[in-house]
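Before anything else, here's the structure in question.
In what follows, chains carry the letters A, B, and so on, assigned in the order in which the sequence lines appear, proteins first and then strands, with residues in each chain numbered from 1.
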Protein chains: 2
Amino acid sequence: MISKKCKYAIHALVHMGKNPEEKFLIKDISEACNIPKKFLEAILLDLKRAGMLGSKQGKGGGYFLRRDTEDINLAEVVRLFDGAIAAVPCATHKFYEPCQECEDEETCSVRDAFLQVRNATVEMLKNDTIAGLVKKEAKLKTRKKR
Amino acid sequence: MISKKCKYAIHALVHMGKNPEEKFLIKDISEACNIPKKFLEAILLDLKRAGMLGSKQGKGGGYFLRRDTEDINLAEVVRLFDGAIAAVPCATHKFYEPCQECEDEETCSVRDAFLQVRNATVEMLKNDTIAGLVKKEAKLKTRKKR
DNA sequence: CCAAAACCCCATAGAATAAATAGGATAATC
DNA sequence: GATTATCCTATTTATTCTATGGGGTTTTGG
């Protein structure tokens, strides 16, 4: 399970991705996406620090997308908020931690199994860009109308 | 990330799967797999209640496999200890929970994306049987020797 | 029968993490 | 300079995870 923070972040990005040129107020995103305002504030700040968003303070300010939405993918967002994508700490590159229970990691079939799941998952999440999600949502909506 | 409890359970099952007819003492599994004894006790009890293991009390007793190791897969074990496999509560069948943030779940592209990841993951974990892991470990060990 | 061996079971402590909120500081506009 | 809006730190609250403690029950074997 990813954290709510991460899920909120993705929803916010998708929301903004629908109008990539617009400037958004925290309050508006909060209401549109049903995210607690103060919580969202911290999330947007994280996204800004990560370089995905830019912001402008004061009256007439707000948050805006800094990168192309085709360039931001879910793997990156999940890693930013929740760290490793792998199901076990010994099956990840960037957040690797050894496990005490198996003597030899190289021959541990449990690790091997979860490593394969991880690789497949990362591959899928990398292909899920914000732009892709925006498009997909539009498609799902028109499909439903019929 | 799966819980340590779940990871321990898998390791214990793989250990037992190497000698599927044997009766195992908690203490021996604990030492062989580096799992805190008391913690393991609770885990084995859970596995017993789930029908995967049997046990015999008293002197000469112990835990033993009740089902064919080719029949026990990681999806089942993970679900037993950690619940849903999906990364978001709205993308799971058995542990489904709606999310407040999206008005229409059917057209939510975030859910759609994680649903696909879930399906792929479940498929992979279902193919990872305890017997399969035991075999794999043997293979990895001989490969390393060379 | 009884003592040792081994699982059974409940309860809880301790730590870490997640989720949310509080309260003010800073910046920009009009 | 009042208003709007982001920026920042800290704290609270709740929950879950991990681990352990301390008996209770069953079975065997002498």
Side-chain angles (χ1 to χ4, degrees), chain A residues 1-12 16 22-31 33-50 52-66 78 80-84 87-89 95 97 99-101, chain B residues 1-12 16 22-31 33-50 52-66 78 80-84 87-89 95 97 99-101:
Chain A
M1 288 279 171
I2 61 172
S3 65
K4 278 198 175 187
K5 196 171 184 181
C6 182
K7 197 179 165 199
Y8 287 157
I10 296 168
H11 275 290
M16 295 176 80
E22 206 177 313
K23 231 182 304 171
F24 294 87
L25 299 184
I26 299 178
K27 184 170 155 286
D28 292 343
I29 302 175
S30 161
E31 283 169 9
C33 299
N34 284 302
I35 304 172
K37 197 185 153 205
K38 267 296 192 180
F39 200 11
L40 178 62
E41 196 182 309
I43 291 165
L44 296 177
L45 219 42
D46 284 342
L47 288 171
K48 186 197 166 187
R49 292 201 182 105
M52 295 183 200
L53 299 183
S55 68
K56 199 187 166 206
Q57 284 189 214
K59 202 169 188 174
Y63 280 96
F64 51 89
L65 284 160
R66 187 145 229 168
V78 171
L80 177 62
F81 287 95
D82 292 356
V88 287
F95 300 88
E97 269 179 65
C99 49
Q100 315 88 2
E101 62 265 30
Chain B
M1 287 278 169
I2 61 172
S3 65
K4 278 200 175 186
K5 196 171 182 180
C6 183
K7 198 177 164 201
Y8 286 157
I10 295 167
H11 275 290
M16 294 175 80
E22 206 177 313
K23 232 182 302 171
F24 293 87
L25 299 186
I26 299 178
K27 184 170 155 289
D28 291 342
I29 302 175
S30 162
E31 284 168 8
C33 299
N34 283 303
I35 304 170
K37 198 184 153 205
K38 266 295 190 180
F39 201 11
L40 179 61
E41 195 182 309
I43 291 165
L44 295 177
L45 220 42
D46 285 341
L47 288 171
K48 185 196 167 186
R49 292 201 183 104
M52 295 183 200
L53 299 183
S55 67
K56 200 184 165 209
Q57 285 188 216
K59 200 169 190 173
Y63 280 97
F64 51 89
L65 284 160
R66 187 145 228 167
V78 171
L80 177 63
F81 287 95
D82 292 356
V88 288
F95 298 89
E97 267 179 66
C99 46
Q100 313 90 2
E101 62 266 29

When the nearest nucleotide of DNA chain D is assigned to B:Gly60 and to A:Phe24 on a heavy-atom basis, which residue is associated with the more 5' position?
-> A:Phe24

Does some side-chain heavy atom of A:Asp46 sit less than 4.5 Å from a side-chain heavy atom of A:Phe81?
-> yes

Would you kindly give the CD1-to-P distance between B:Ile2 and D:dT16, to the nearest whole Å?
-> 18 Å

Separation of D:dT18 P from B:Leu45 CG (nearest whole Å) | 18 Å

Which part of the nucleic acid, if any, lies within contact of B:Lys48, taking any heavy atom under 4.0 Å across all strands shown: a base, the sugar-phosphate backbone alone, or nothing?
-> sugar-phosphate

Of the candidates D:dG29, D:dT18, C:dT21, the side chain of A:Phe39 sits closest to C:dT21

Rounded interatomic separation in angstrom, taking CD1 from B:Ile43 and P from C:dC7 | 14 Å

Can you measure from CE (B:Met1) to SG (B:Cys6) and round to the nearest 0.5 angstrom?
-> 13.0 Å

A:Lys38 NZ to D:dC7 P, in whole Å, measures 12 Å

Value in whole Å for how far the C1' atom of D:dT6 lies from CZ of A:Phe64 = 12 Å

When the distance from NZ of A:Lys4 to C1' of C:dT21 is rounded to whole Å, what number comes out?
-> 15 Å

Residue closer to the 5' end of DNA chain C, A:Gly58 versus A:Pro36 (nearest nucleotide) | A:Pro36

Closest to the A:Ser3 side chain, choosing from C:dC7, C:dA5, C:dA19 = C:dA19

Give B:Leu25 one of three labels, base, sugar-phosphate or nothing, depending on what nucleic acid heavy atoms sit under 4.0 Å from its own.
-> sugar-phosphate

OP1 or OP2 of C:dT21 sitting under 4.0 Å from any side-chain N/O of A:Lys37?
-> no

Using whole Å, report how far NZ of B:Lys27 lies from C1' of C:dA4.
-> 15 Å

Would you indicate what A:Phe81 reaches in the nucleic acid, counting non-hydrogen atoms under 4.0 angstrom: base, sugar-phosphate, or nothing?
-> nothing

Side-chain donor/acceptor contact of B:Glu41 with base of C:dC8 under 3.5 Å | yes

Under 4.0 angstrom, heavy atoms only, what part of the nucleic acid is B:Lys5 near: base, sugar-phosphate, or nothing?
-> sugar-phosphate

Please name the residue in the list B:Leu25, B:Leu47, B:Leu45 that meets the side chain to side chain contact (heavy atoms under 4.5 Å, CB included) test with B:Tyr63.
-> B:Leu45

For A:Leu44, report the nucleic acid contact type (base, sugar-phosphate, nothing); a contact means any heavy atom under 4.0 Å.
-> nothing

Considering just the side-chain nitrogens and oxygens of B:Tyr8, establish if one lies under 4.0 Å of OP1 or OP2 belonging to D:dA19.
-> yes

A:His11 to A:Cys33 - nearest heavy-atom pair and separation | O-SG, 3.9 Å

Calculate the interatomic distance between B:Lys59 atom NZ and C:dC8 atom C1'; express it in whole Å.
-> 19 Å

Looking at C:dC8, C:dC7, C:dA20, which one has an atom nearest to any side-chain atom of B:Ile26?
-> C:dC7

Taking every heavy atom of B:Lys23 against every heavy atom of B:Gly60, the minimum-distance pair comes out as NZ-O, 3.1 Å

Give a yes/no answer on whether the side chain of B:Arg49 brings an N or O atom under 4.0 Å of OP1 or OP2 in C:dC9.
-> yes

Where the side chain of B:Gln57 is concerned, which of C:dA20, D:dT27, D:dA19 is the nearest nucleotide?
-> D:dT27

Might you work through the salt bridge (Lys or Arg N to Asp or Glu O under 4.0 Å) test for B:Lys27 and B:Glu31, ending with a clear yes or no?
-> CA-CA 6 Å; B:Lys27 184 170 155 289; B:Glu31 284 168 8; 3.8 Å; yes

